[in-house]
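In what follows, every chain begins at residue 1, and chains take the letters A, B, ... in the order their sequences are listed.
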2 protein chains.
Amino acid sequence: MITLTPTLDKTSGQPLYLQLYAYIRDEIEAGAIPAGDKLPAILALSAHLKVSKNTVETAYQQLVAEGYAESRSRSGLYALPVEEPPHAPPSGKRKHPQGRRGTAAPPFSPSPDASGIAFDFRYGDVEMERFPMGAWRRCLLEALNDSNQRRVLDYGHPQGEEELRSEIAGYLYQSRGIPCTASQIVLCAGTQHSVSMMCQLIPLRGMRVALEDPGYNGVRTSLYGHGCELVHVPLDADGIQVDRLYDTDASAVYITPSHQFPLGMVLPIQRRNKLLQWANERNGLIIEDDYDSEFRYVGQPIPALKAMDHNDRVIYMGTLSKSFLPAARLSYIVLPEPIARSVREKLVLYSQPVSPLIQQAMLRFMREGFFGRHVRKMRRLYQLKHRALLAALQRHMGARIEIIGQKAGLHLLIDVKAGIPSAGLIDLASKVGIRVYSPAVQWSTPSQCPPSYIMLGFGGLNEYTIDEAVGRLAGAWFKDYDEVN
Amino acid sequence: MITLTPTLDKTSGQPLYLQLYAYIRDEIEAGAIPAGDKLPAILALSAHLKVSKNTVETAYQQLVAEGYAESRSRSGLYALPVEEPPHAPPSGKRKHPQGRRGTAAPPFSPSPDASGIAFDFRYGDVEMERFPMGAWRRCLLEALNDSNQRRVLDYGHPQGEEELRSEIAGYLYQSRGIPCTASQIVLCAGTQHSVSMMCQLIPLRGMRVALEDPGYNGVRTSLYGHGCELVHVPLDADGIQVDRLYDTDASAVYITPSHQFPLGMVLPIQRRNKLLQWANERNGLIIEDDYDSEFRYVGQPIPALKAMDHNDRVIYMGTLSKSFLPAARLSYIVLPEPIARSVREKLVLYSQPVSPLIQQAMLRFMREGFFGRHVRKMRRLYQLKHRALLAALQRHMGARIEIIGQKAGLHLLIDVKAGIPSAGLIDLASKVGIRVYSPAVQWSTPSQCPPSYIMLGFGGLNEYTIDEAVGRLAGAWFKDYDEVN
């Protein structure tokens with residue numbers, strides 16, 4: 001029997017179950033708990049650590065959900081083998097990388113596309129080469145063969161299939177500490193559609209809505225398209241300036257607290273409390289967009305603002321585009337119960353836009369554990385890509401750039417000190433087969449974006465070829481690059 | 001070689017190709033042109049009938065699209081066998097009907113559901129027992145196996161996949177005489193989402209929009225939810241009163257000209273011209289909802305208003321929920337080119353809500369001819385159901401009801417002369433295991449709906465058991481029913 005000796009800190013603000021979960025996860029990943037070993041029984045461990053039975057149970061559920069352990073009936077929990085992370089290919093084989101397990105060369109990169117682009121740093125791209133197509137196909141087929149054919153032929157429930165909403169509620173509780181029920185969730189067809197439904201049903205429409213500036217322009221577009229009056233609130237190094245929010249008469253604020261888009265900072269706990277206080281004092285709504293919360297590489301996971309919301313002030317928005325697949329076109333909003341009640345009444349007059357077939361397949365994908373495993377695998381993979389990108393930027397560009405927002409997510413901003421505005425940088429990059437982007441559209445007034453900012457989305461790139469891409473970029477951008485390197 | 005002698009009327013307003021197509025279709029259905037027989041060559045027939053080559057060609061394309069004929073390469077067009085319509089079961093076997101071909105008893109009706117309801121006249125239900133699940137499954141699998149995996153994994157084109165839009169454009173031209181290109185089409189996720197996108201992109205939002213009263217409340221809800229100012233225009237026996245529309249200062253009108261929802265009348269040609277004239281004089285927009293145009297049983301097909309639109313005044317809305325499957329959650333809008341241009345620019349900032357997987361599967365379903373065959377099969381089937389419902393109403397209720405709007409679509413209204421308001425009729429029906437509905441929600445002021453109106457959606461019912469359902473209804477509603485029958 002293995003012994004676990006985590007250091008759990010009850011004052012850290014981090015839930016104990018998450019601390020315990022993270023400890024065991026790291027032990028399994030490091031091999032300190034070998035695959036096949038039995039984990040301590042729940043009662044024994046709770047007594048040993050002087051924590052509640054519930055804490056251990058929740059940590060174990062999380063481990064099972066993410067594929068680190070499996071439950072064997074009447075026996076207990078056993079550590080599962082952790083897939084090896086893909087390894088760097090032998091040198092000299094850069095162009096067609098093969099993992100140790102002989103996986104085929106990725107079909108998408110780095111061979112140039114028709115326009116001569118070999119590397120595309122587009123934000124929003126996700127890892128597709130290693131998408132679990134087999135499992136997804138199986139789930140779709142199972143859904144199609146559902147004995148209750150109506151479930152995959154008919155219009156479906158206006159809020160979305162109840163069982164899928166329950167799965168999402170469970171996932172949100174385990175991964176983000178958000179207590180909610182299926183009845184508080186409305187399924188939507190992507191973040192913009194989530195915003196559209198909030199505008200129609202809450203209704204945000206006609207309200208004065210505050211936004212982070214810079215902030216996600218897809219949401220800004222959607223709010224504007226529904227007739228909201230937009231108020232832009234500037235950021236400082238910590239994120240949205242709540243003092244400046246107080247200066248406005250906004251009755252709602254849209255915010256990305258876990259990973260500000262596009263600048264990448266995390267809203268500190270003090271600022272979160274202040275934001276919740278603003279909502280209480282002003283009878284305001286907070287719309288929390290937790291768009292890529294699954295992917296955090298440095299420090300503790302950041303609890304969702306919604307998990308701290310004891311006064312029904314926070315509407316939580318999530319998407320499966322990043323954590324699962326853009327083509328699922330699945331997102332969701334979690335409503336405080338008083339708002340959910342009135343929304344459910346209104347939804348009688350609406351039809352759900354997501355195909356019940358996709359919903360039923362997703363339900364199976366989550367229920368059978370594929371989703372938890374996929375998120376865990378992707379987190380490790382994006383961490384590799386993220387590290388590879390940081391290392392490459394350091395190696396090829398060093399002090400000639402500044403990196404902005406580097407702890408989480410699927411993108412970085414860099415401030416390129418080459419004395420060239422972004423249009424020029426983009427042009428120079430395209431000449432060496434690389435597509436990069438300016439983040440200026442995320443500013444309410446794009447000209448206020450520093451012209452030397454470049455946005456690097458790395459979700460769709462291959463970790464082995466990122467170095468090559470960054471090297472090419474450095475060669476294109478810095479005249480003395482070849483001399484120095 | 002067969003000879004065709006249709007009577008084509010150049011003054012009827014009905015395109016010649018449609019007259020020719022309908023003639024040949026009827027001949028094939030009647031067996032006058034046997035399966036396997038070769039149709040006349042295009043040039044020969046155009047000379048014989050003194051019509052253009054194009055007319056014959058378009059009629060032939062329509063026949064192929066709908067599965068009445070097939071083209072054999074270098075040989076010509078051949079009539080195809082027409083599936084026999086399902087036949088009434090031998091008497092005494094009413095409860096578990098079997099078609100001649102020994103198809104299994106339908107799984108959904110008439111066995112009562114958990115709430116004791118054996119027959120549900122819900123509007124919007126479609127035929128599901130005979131849905132071509134095999135073909136749809138095959139199309140989904142082919143899409144999943146697409147060699148270009150990005151097509152079914154990524155976000156997809158903001159307007160929808162171009163090839164699918166092209167298929168829809170072709171279908172609209174052949175079936176509704178609407179000339180348009182893929183670039184004028186925006187795919188949406190159901191009628192309400194179509195309306196939502198128009199509100200955001202045209203933008204209808206903030207406009208004063210006129211609606212038929214009564215009219216489809218799903219669209220009314222959606223327009224209202226986007227902040228449109230609604231103006232209700234009354235109907236007369238022919239449909240919307242355009243004179244009354246002139247009395248308003250609406251800048252757009254939403255209308256169901258081919259089959260008014262819910263009253264079922266067809267807007268006559270004079271009224272259509274007047275409506276187009278209103279749009280020209282007032283610089284107004286017409287939003288034509290052609291929601292169930294595929295299903296017309298009496299008289300000539302009604303051309304779409306959009307097909308008469310020479311001044312870019314008409315936005316056309318269609319849905320695949322009725323003609324294909326609710327669960328596809330696929331609809332579309334066709335924009336006049338000047339509007340389409342500005343919409344395409346705005347769509348850069350939007351993501352498409354329909355899963356590319358569903359889109360790619362639908363593309364295959366259309367391209368491989370399944371869709372055309374399905375629509376044709378459903379038209380025949382719904383015609384059987386429609387006839388069965390009319391006959392049953394006549395037989396069991398006779399003069400005690402008045403039937404409203406009986407030429408097309410998937411529903412009828414009846415005015416029940418039992419001296420009981422709809423709530424009572426609904427209650428009495430539920431006691432004999434039948435669910436019927438009041439159409440009152442379709443009126444802007446529901447109390448203005450005659451209380452004796454009942455809406456009967458028949459799309460989801462089985463043609464063999466409709467008579468039983470209507471008999472039960474008559475027994476519940478009319479005290480003297482048992483004595484008379």
(request) Tell me, for B/L144 versus chain A, whether the close heavy atoms (under 4.5 Å) come from the side chain, the backbone, both or neither. (result) both
(message) Is B/P356 in contact with chain A via its backbone, its side chain, both, or neither, using a 4.5 Å heavy-atom distance?
(response) both
(request) Go through A/S355, A/C188, A/A189 and name the one with the most non-hydrogen pairs under 4.5 angstrom from chain B. (result) A/S355
Under a 4.5 Å heavy-atom cut-off, does chain B meet the side chain of [X], its backbone, both or neither?
X: A/L201; value: neither
X: A/V354; value: backbone
X: A/F131; value: side chain
X: A/T221; value: both

Under 3.5 Å donor-acceptor, [X] side chain and [Y] backbone:
X: B/R205; Y: A/G225; answer: yes
X: B/R329; Y: A/Q352; answer: yes
X: A/Q200; Y: B/S222; answer: no
X: A/Q149; Y: B/M128; answer: no

Given the options [options], which has more heavy-atom pairs under 4.5 Å with chain A than any of the others?
options: B/D154, B/D125, B/L349; result: B/D154
options: B/C199, B/G124, B/G218; result: B/G124
options: B/S331, B/G227, B/G190; result: B/G227

Side-chain heavy atoms of [X] within contact of [Y], under 4.5 Å:
X: B/S196; Y: A/H226; value: yes
X: B/L153; Y: A/E127; value: no
X: B/L140; Y: A/L140; value: no

(request) Would you check, one step at a time, whether the test side chain to side chain contact (heavy atoms under 4.5 Å, CB included) holds for A/N145 with B/M133? (result) CA-CA 9 Å; A/N145 293 332; B/M133 188 53 116; over 6 Å; no
(message) Looking at every non-hydrogen atom in both residues, tell me the closest pair between A/Y350 and B/Q192 and how far apart they are.
(response) CA-OE1, 3.1 Å
